[in-house]
Amino acid sequence: MKRLFAVDPWVITTQALAQKDKRLQESLTAIGNGYMGMRGNFEEGYSGDHLQGTYLGGVWFPDKTRVGWWKNGYPEYFGKAINAPSFIDLPITLNGQPIDLATGQFHDFELTLDLHQGLLSRRFVYEVGDTAVALTFRRFVSNVIQQAALIEVTLKCLRGHADLTLAAGLDGNVTNEDSNYDERFWVPQGESADAGTIQLQTRPNPFGVPQFTVLLQQALRVAGQPVQGVRTTTPGTLTETLHATLAAGEALTVEKDVIVLTSRDVAPTAQTAAAAQLMTQLQTDSFAAALAAHTAVWAERWAQSDVQIDGDPAAQQGIRFNIAQLFMTYYGQDPRLNIGPKGFTGEKYGGATYWDTEAYVVPMYLAVTPPRVTRALLQYRHDQLPGAFHNAAQQGLAGALYPMVTFNGIECHNEWEITFEELHRNSAVAFAIYEYTAYTGDETYVNTAGIEVLVGIARFWADRVHYSKRHGQYMIHGVTGPNEYENNVNNNWYTNLMAQWVLEYTLARLPQADAEVVAKLAVGADEQAHWQAIIDHMYLPEDPDLGIFVQHDTFLDKDIRPASTIPADQRPINQHWSWDKILRSPFIKQADVLQGIYFLNDRFTRAEKERNFDFYEPLTVHESSLSASIHAILAAELGRADKAVELYARTARLDLDNYNNDTEDGLHITSMSGGWLAIVQGFAGMRYDHDQLRFAPFLPKGWTRYSFSLTYRGRVLAVTVTDETQIRLVAGAPLDVWVNGTKRHLVQEVADA
């Protein structure tokens, strides 16, 4: 497999500019800080093929979705993650010629993303005639002042005479690549050469969605000292020009400091003053000092989350790359935000929230971030409960239907088979409440805000099922399960199972919940009896001859054959086959039945797990980024070590190795927890139910050691797996854990005086 970047435990680095894979290279070097971020675009510009992308958390646009086949219940608009004004721009001319790596002469190229600190750096030597200049760029978006970005370029003349012009810019004249006819989403509101600012607003929309106003300010420093070049403006842009002349051996360092504010936090009329105050704070420290403070925040995060692997450098790089990208996307600072499927790395998919967060990221964040981070994700869904009620009402249903895709709680995805058939996402929201409660032991959320969410979802399922008199069972027709390669199926086993579980869990929590909250919810005896009837009589398709749970009513009528029969030149099938052919095929995009077995693991026997894994995994093409991790965990549990390791590599290096040939338009952020899950829940066999923390570890072939830390119910544990398993209690009260069925009593180690 051809890799764009060298394998290194802590950095993503290359000595080659991949002009044919420039977009992929940009995706893999994206950075962010939870507030904003951007792809690995070049500061000086690039005239070749690339995807320009800068994104701001919570800033979006409701694009038109009504078309000729619009039906009642369709979303009114499609929520777009819009390309924000660019603030990294720093075009440079050398002896009158623009520096452009797409067309010019250069050598000694190196591009590096340092995972320790989210620092992107690049260097190369550029030649014009007899003159050679070495350029080094560094940039990061601050974890200390989230509204701040810092860009530094050092130019050293190696040979000849360098006449340089640097034109630091802010550019609001940007478009989305998926824009219709290059339409722009930003309207200039004013530029100030004196203040070094531009201000823009998203254009009006007919849907009542608030417009966003963004102000950007830049200031320059040379050799660490503030300077002001010649500033010019046009509508939506500001350019600040500096000139310098370098003889051989001389160098120049220019820093571009940027502040970005949005009307989500600061009113438009107050943005200029607020930006000036933040800029003053930012320029109090040098670039080096700001980077050190930023890195200190990363050090705290890595101390809690790092996974160390000895014996497999590619596996080590993969897990750290995923953890770093997740933390650059979300660390709980703003409960109004969530973990978008592309984060700050691309515009594809639209929306800021998918079920991926609850199903895949919450289990990891519970263990490797402070409790407030996961609690913020739960609060996000509670705050959007009114939108969930609206979504259900749009379909003529009771209760709460959480959206498949949203920014504000209102469904904003325009594919019917996803938006209003992939209903299983509702249960994932409920399951995240269960996981938070089971892992932390904290019942305050589930007994207050959480029970409101649970009852809303339960009422939806109770209305969405129908009773089959012929079978004497409750059924759910017309859905899309986790396997999106089938639409409009009846009785998807996973959907039915999780709907049943939601009703069961909600009934169990009601007596324990806050009495005042429960009284307001008014879940009467008749309603509870109806829920219990659904639980007792839910239809869950099975095949007794095969001994498997059937994915949906007619799945076994397909031409069942393994994915290995697909010719290699037709993979991935979603890029080679018509949608009709995919829907008729037996091939599975991601875990479906196996997703249910993963979630409710303790309900199934080992034999049931083995039969279903052996039947469904060979049919699975793993063309969803969410697929490999669940299969890896189950394979590990079933003793299929080689399969587990194979699928770990697929999830941990999905983007780094571009497994599905689709990373060029952005990273698969919400699946990046998959590598951690595969190691901790898979290889280490961690489970946490019935108030027990259990492990069943094994050491993959070729690995000599792996270790990780967990925060569990106020304790910090350090787990190391070699030929033996060591678990230390680093902090907190004594705790019993089970390792391969044997109880160990852990007591915090006390350092010698």
In terms of ring plane angle, is the pair His413 and Tyr354 parallel, tilted or perpendicular, where the classes change at 30° and 60°? perpendicular

Quick one: does His294's side chain have a donor or acceptor within less than 3.5 Å of a partner on Ser142's backbone? no

Side chain of Tyr402, backbone of Val429: donor and acceptor closer than 3.5 Å? no

Please lay out, stage by stage, how Thr131 and Tyr126 fare under the test side chain to side chain donor-acceptor pair (under 3.5 Å). CA-CA 8 Å; Thr131 298; Tyr126 200 86; over 6 Å; no

Parallel, tilted or perpendicular: which one describes the rings of Trp302 and Trp10, with boundaries at 30° and 60°? perpendicular

Taking atom types as modelled, find out whether Thr154 and Thr253 have a side-chain donor-acceptor pair closer than 3.5 angstrom. yes

Tell me, do Phe5 and Leu28 make a side-chain contact under 4.5 Å, heavy atoms counted? yes

Between Gln117 and Thr295, do the side chains contain a donor N or O and an acceptor N or O under 3.5 Å apart? yes

Residues that Glu300 engages under salt bridge (charged side-chain N to carboxylate O under 4.0 Å, His left out), provided they are two or more places apart: none

Hey, do the aromatic rings of Phe185 and Phe61 have their centres closer than 6.0 Å? yes

Which of Asp383, Asp265, Asn408 passes side-chain hydrogen bond (donor to acceptor under 3.5 Å, both in side chains) with Arg336? Answer is Asp265

Would you compute the distance between atom OG1 of Thr175 and atom CD1 of Ile82 and round it to the nearest 0.5 angstrom? 11.5 Å

Pair Glu152 + Lys256: basic N to acidic O under 4.0 Å: no

Checking side-chain polar atoms at under 3.5 Å, does Asp100 have a donor or acceptor matched by the opposite partner on Ser47? yes

Under 3.5 Å donor-acceptor, Asn176 side chain and Asn83 backbone: yes

Would you check if the side chain of Thr93 reaches a backbone N or O of Gly96 as a donor-acceptor pair within less than 3.5 Å? no

Search all heavy atoms of Phe407 against all heavy atoms of Ala81 and return the closest pair with its distance. CZ-N, 3.9 Å

Can Gln218 and Glu240 be said to form a side-chain contact (heavy atoms from CB on, under 4.5 Å), step by step? CA-CA 9 Å; Gln218 72 173 25; Glu240 187 167 359; 3.4 Å; yes

So which heavy atom on Leu216 is nearest to which on Pro85, and how close? CD1-CB, 3.8 Å

Assess whether a salt bridge exists between Asp306 and Arg320, defined as any Lys/Arg side-chain N lying under 4.0 Å from an Asp/Glu carboxylate O. yes

Which value, rounded to the nearest 0.5 Å, describes the distance between Asp356 atom CG and Ser673 atom OG? 8.5 Å

Give a yes or no on whether a salt bridge exists between Asp257 and Arg221, defined as a side-chain N under 4.0 angstrom from a carboxylate O. yes

Give, for atom CG of Leu215 and atom OG of Ser263, the distance between the pair rounded to the nearest 0.5 Å. 11.0 Å

Tightest non-hydrogen contact, residues Ala30 and Leu113, listed as O-CD2, 4.1 Å

Stepwise side-chain contact (heavy atoms from CB on, under 4.5 Å) test for Asp21 and Leu4: CA-CA 8 Å; Asp21 290 307; Leu4 289 187; 4.0 Å; yes

What about His107 and Phe124, are their ring centers closer than 6.0 Å? no

Check this for me, if you would: do Asp334 and Arg264 make a salt bridge, where the nitrogen-to-carboxylate-oxygen distance has to be below 4.0 angstrom? yes

Given Leu164, Val133, Asp163, the one that forms side-chain contact (heavy atoms from CB on, under 4.5 Å) with Asn95: Asp163

Using only atom types and a distance under 3.5 Å, with no angle test, would you say the side chain of Asn33 pairs donor to acceptor with the backbone of Met36? yes

Return the OG to CG distance between Ser671 and Asp655, rounded to the nearest 0.5 Å. 6.5 Å

Can you list the steps and then say if Gln105 with Glu127 is a side chain to side chain donor-acceptor pair (under 3.5 Å)? CA-CA 6 Å; Gln105 299 296 315; Glu127 296 186 353; over 6 Å; no

Once you round to the nearest 0.5 Å, how far does OH of Tyr46 lie from OG1 of Thr103? 9.0 Å

Is Arg138 close enough and on-axis enough to Phe287, meaning under 6.0 Å and within 45°, for cation-pi? no

Do Lys342 and Tyr55 form a cation-pi contact, if we require the NZ or CZ to be under 6.0 Å from the six-membered ring centre and within 45 degrees of the ring's axis? no

Judged by atom type as modelled, is there a donor-acceptor pair below 3.5 Å linking the side chain of Glu250 to the main-chain atoms of Ala247? yes

Applying side chain to side chain donor-acceptor pair (under 3.5 Å), run through Gln271 and Gln199 and close with a yes or a no. CA-CA 9 Å; Gln271 287 179 344; Gln199 189 177 52; 2.9 Å; yes

Looking at Asp665 and Arg23, is there a salt bridge between them, counting it only when a charged N and a carboxylate O are closer than 4.0 Å? no

Using side-chain hydrogen bond (donor to acceptor under 3.5 Å, both in side chains) as the criterion, point out the one residue from Thr29, Asp8, Thr112 that pairs with Thr13. Thr112

Classify the side-chain pair Thr237/Asp171 by whether it contains a donor and acceptor separated by less than 3.5 Å. no

Please assess Phe140 against Leu291 for the test side-chain contact (heavy atoms from CB on, under 4.5 Å), listing each intermediate value before the final yes or no. CA-CA 8 Å; Phe140 67 98; Leu291 179 59; 3.8 Å; yes

For Gly332 versus Ala376, what's the shortest heavy-atom pair and its separation? O-CB, 4.2 Å

Taking Asn41 for its side chain and Leu51 for its backbone only, find out whether a donor-acceptor pair lies under 3.5 Å. yes

For Leu56 versus Ala84, what's the shortest heavy-atom pair and its separation? CG-CB, 3.7 Å

State, without any angle test, whether Thr213 and Gln201 hold a side-chain donor-acceptor pair at a distance under 3.5 Å. yes

Check whether any side-chain heavy atom of Ile31 lies under 4.5 Å from a side-chain heavy atom of Arg139, and answer yes or no. yes

Kindly say whether Thr663 contributes a backbone atom to a donor-acceptor pair with the side chain of Asn658 at under 3.5 angstrom? yes

Minimum-distance pair of heavy atoms, taken over all atoms of Thr369 and Phe327: CG2-CE2, 3.9 Å

Salt bridge check: are Arg122 and Glu44 linked by an N-O gap of less than 4.0 Å? yes

Looking at Glu411 and Met404, would you say the former's side chain and the latter's main chain have a donor-acceptor pair under 3.5 Å? yes

Can you say whether the rings of Tyr331 and Tyr365 are parallel (under 30°), tilted (30 to 60°) or perpendicular (over 60°)? tilted

Hey, does the side chain of Ser192 reach the backbone of Ala195 with a donor-acceptor pair shorter than 3.5 angstrom? yes

Go through the steps for Tyr330 and Thr670 under the test side-chain contact (heavy atoms from CB on, under 4.5 Å), then give the verdict. CA-CA 10 Å; Tyr330 184 87; Thr670 46; over 6 Å; no

Take atom CD of Gln19 as the centre, draw a 6.0 Å sphere, and report whether it contains more than 12 heavy atoms from other residues, nucleotides or ligands. yes

If the plane angle is over 60° it's perpendicular, under 30° parallel, otherwise tilted; pick one for His382 and Tyr445. perpendicular

